[in-house]
Structures are given as structure tokens and as C-alpha cells.
Amino acid sequence: MSLKFKCPNCGTPLGYEGLCWKCQAEQNRREVLAWTPEQIAEKQQFILQNIRALEEMEDPELTTFWSLLSCHDAITPEIQRKALAEKVFFPAELYYHAPADVRDGIISLLLDAAGANEAANLMSCLAMQGDDKALETLLELEQHPRPWRKKLYVDPSVYAQCGGWTFDKEGRRTTLNFDTCYPMVKGTRHETSPVRIGRIREDSCPHCGGKMVDMLVLDGRDERLRFLGIDGILTAACCPNCVGFLQGPAFNRFTLDGGVEIFPSKLYDEEEKMDCYIRPEDYAALHENSLVLGAASVPLFYGTACEDVNTIGGFANWVQDWEYSTCPHCGKPMKYLAQIQWDTVLDGTEGTLYIEVCPDCQIASMQHQQT
Ligand SMILES: [Zn+2]
Ligand SMILES: [Zn+2]
Ligand SMILES: [Zn+2]
């Protein structure tokens, strides 16, 4: 395909006339963010009247749903009640923090569920609802598995994770997501930011010889980042070329004064060497990216259902299933911290880097997913 056109906004060479996909996505989001209260009410009515279309993944319904949730946090109990009445259980996010009557409806359907798919969907919805009674029910199902459990890969406590929490054998809750979310936005030249993405390091990767990169450097002492409870600097470092080819996540320990100790890693296919596909100009572009921490917090699901937004806190846009790393030091599940969409910092690359943290052990994990 010849690239005879250019994105009028950012100058990216294109094979067609119009905006590049990133500028298009940004424009769409700006329009959604500008919805007036009347427009939001109108969209909510639209979803109420067409709720079944969500389960069929039809548009414009599905896109409207994600716009209401991610940009306006505007999924009402009325919508949740309607979804339950119509037995619509996708997307599970419909039921995030749903009221008690809706929760009880999901629970009674789940306890009567015969099929594994049905049970899996209902567990995800209940995980999104997420209160103590939801925990009690999932715990009960974990302790006394129903026949459908054999057909599922994981336990109810792993389904709970999709709602940003889980529980141990005694039913003690662990929160896996932060309850605040900030976006990364394009900054002006030399603008300072308590969060930096993509700082090239001095050391090289033992697998490919490419440069190691501090993918995320964050100063938890900034007022906006107090919700993280990190009283200093968090650094998450990996090889951007190899992180998708490792056995398990990449890990490092960090010290609050900015220190990093990278843990040894193994390549997935046991090969000793990888080719490095990142060119010097790509490293330079990564290092010089203009992303800075946004001034104001956004809804928790702001970074879900899109491929062009990097976020700190909130919920991730998992390309595959949600995946919480286990801390290699204490064995507890790590907390989801941030997502970095590769294409926002390395042009033309695919997938997402998910960064998690064990605040107790000061260990960061990084894992890659793509379609
Ligand atoms: Zn563009
Ligand atoms: Zn490497
Ligand atoms: Zn730990």
C-alpha cells in the first residue's frame, strides 16, 4: 500500500485520506466528553430501550454503552435493573457497583445456573457488583463447587478479579485495583510531570542486546497520585522488545529514591537470544514522547474499551483475559497500576503493557498482551 496521504492532524503517512486511527479516536473521545447532561440522558434512554443489543455486541449500542461508562460514569441503577430483567449479562461492567436488589437477582440466577457459560457470565457480573454479599456467594461456590465448575478453567476467586478484587480461602478480601484513575495526556514541550513513560536506561537486555527502558517512572508524592499510597518514586523497567516473549511477567524491585533492581527473566521458548526489532530512532521517539499526567482524574473505566489511552489506576483494557501477577516475594496477588498502549509511544507497534505493583514488597510487574 502506498502511503501517499498524511494525517492532517499529526502528519503520520497514511494509505488513505483522513485522520489516522489515533487522531480519530481522540476526536471521537473529545466529542463524547463534550456531551451535555441532556445528551447523556438521551443516550441512557437509548441504552434502556435497546439493552438486548449489548449482548449481541451491536453498534451503535455497544459503543454508546462504553462511552457512557468510560467518559461519564453514567450507567444508572435503572439501566442495571433493566439489564437484569432482560437477562443481559454482557458486558459484565454493566453491573459495576449495582444496587442490592440487582445483586440479589444475579445471585439467585447464579445459584440456579446449570451451564458453565451462564455461570461464568454471572460470576463476572457479580464480581463487578463487588460488595460483601457478592464475595460471600463466590466464596460459597469456591468451597462447594457446582457441576459446571469442571468446565471452567479457573475458580470463582479468579472471576472476582475482573471486578478489581479477590479473596483468599478464609474469605478475606484483597483489593486489586485503585479507586482513582488519571489519564496520560499530550503535554507541551519540556512540561514537567510526576509520571514519565519510556525513559531509556544505561543497561542492555541480556536476551536481545537492546536497551532496557524505565517504562514507567512515577512520583507518588504528587498530590494527584496520593491515592497510590507510594511515598516516593516507583520505577517499572523492562526490555520493550522482549517483554512479550518472557516466561511470565517482567519484575523489578524499586526503592522510593528511584533505585531499580531488575529480576532475571527467561525467554518463553527457551531460546537464548532474541533479535532486537527496535531501531535507534524508535528508542529516541519513545524517550522523547510528550505524555504527561492529566490535570484531573477521570472515571475508573476511562482506559477500557480503547486502544489509544494510557492510564494510571482504575481499570485496564485487557486485550485478553484479566491477569493479575503474583508477587514473587510475598506470593500475594499484585495490584493493577497502569496500562501503556505501545502504539502511543512506539509508532506502529501492537498491544498493551500492563504494570502491576506489590506496594508491600516494592516490586513492579510488567506483562504484555495483544490480539
Ligand atoms: Zn494523526
Ligand atoms: Zn530484549
Ligand atoms: Zn509482595
Side-chain angles (χ1 to χ4, degrees), residues 3 5-30 166 168 174-176 186 198 200-215 229-230 234 236-255 261-269 271-280 282-283 285-286 289-291 307-309 324-337 341-349 353 355-368:
L3 303 177
F5 299 102
K6 269 191 171 126
C7 171
N9 194 35
C10 70
T12 300
L14 295 172
Y16 59 90
E17 204 171 353
L19 292 171
C20 72
W21 79 267
K22 278 181 277 187
C23 290
Q24 186 63 56
E26 203 176 315
Q27 183 181 311
N28 294 349
R29 184 174 312 101
R30 260 203 306 273
T166 190
D168 65 11
T174 307
T175 303
L176 299 177
K186 288 196 184 102
I200 308 297
R201 295 174 57 83
E202 293 289 314
D203 43 344
S204 352
C205 169
H207 306 302
C208 73
K211 292 173 195 296
M212 296 298 283
V213 178
D214 291 332
M215 285 308 303
I230 296 167
L234 174 149
C238 69
C239 169
N241 184 64
C242 297
V243 66
F245 299 96
L246 301 179
Q247 297 181 21
F251 290 108
N252 69 263
R253 196 184 300 272
F254 59 91
T255 54
E261 177 204 339
I262 293 169
F263 292 5
S265 59
K266 280 196 185 130
L267 290 175
Y268 186 72
D269 59 5
E271 296 246 347
E272 297 207 343
K273 290 288 167 216
M274 272 283 294
D275 290 328
C276 184
Y277 298 101
I278 302 175
R279 303 165 303 175
D282 300 327
Y283 283 115
L286 171 59
N289 80 79
S290 67
L291 296 169
E307 288 165 3
D308 65 317
V309 176
Y324 289 86
S325 311
T326 301
C327 173
H329 188 70
C330 70
K332 286 190 264 190
M334 298 178 79
K335 281 184 92 165
Y336 166 75
L337 173 66
Q341 312 273 8
W342 284 115
D343 199 14
T344 62
V345 285
L346 278 172
D347 241 348
T349 51
L353 184 73
I355 302 174
E356 292 171 354
V357 63
C358 178
D360 299 340
C361 306
Q362 295 185 354
I363 290 174
S365 90
M366 286 140 281
Q367 50 180 326
H368 169 94

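Quick caveat, the model's predicted, so the values are computed rather than measured. Every number for a ligand or one of its atoms is a count from 1 in the order of the listing.
A salt bridge (charged side-chain N to carboxylate O under 4.0 Å, His left out) with D360 is found for one member of R253, K335, K332 and no other, namely K332.
Side chain to side chain, D308 and W21 fail the donor-acceptor criterion of an N or O pair below 3.5 Å.
Remark: D203 does not engage K211 in a salt bridge, criterion side-chain N to carboxylate O under 4.0 Å.
At the Zn ion (ligand 1), the vertex angle linking SG of C23 with SG of C10 is 110° (nearest 10 degrees). The Zn ion (ligand 3) is the vertex of the angle joining SG of C358 and SG of C327, which measures 110° to the nearest 10°. The angle that C242 SG and C208 SG make at the Zn ion (ligand 2), rounded to 10°, works out to 110°.
The Zn ion (ligand 3) lies under 2.8 Å from an N, O or S atom belonging to C330.
Although no hydrogens or angles enter the test, the distance criterion places a donor-acceptor pair under 3.5 Å between the side chain of D343 and the main chain of G348.
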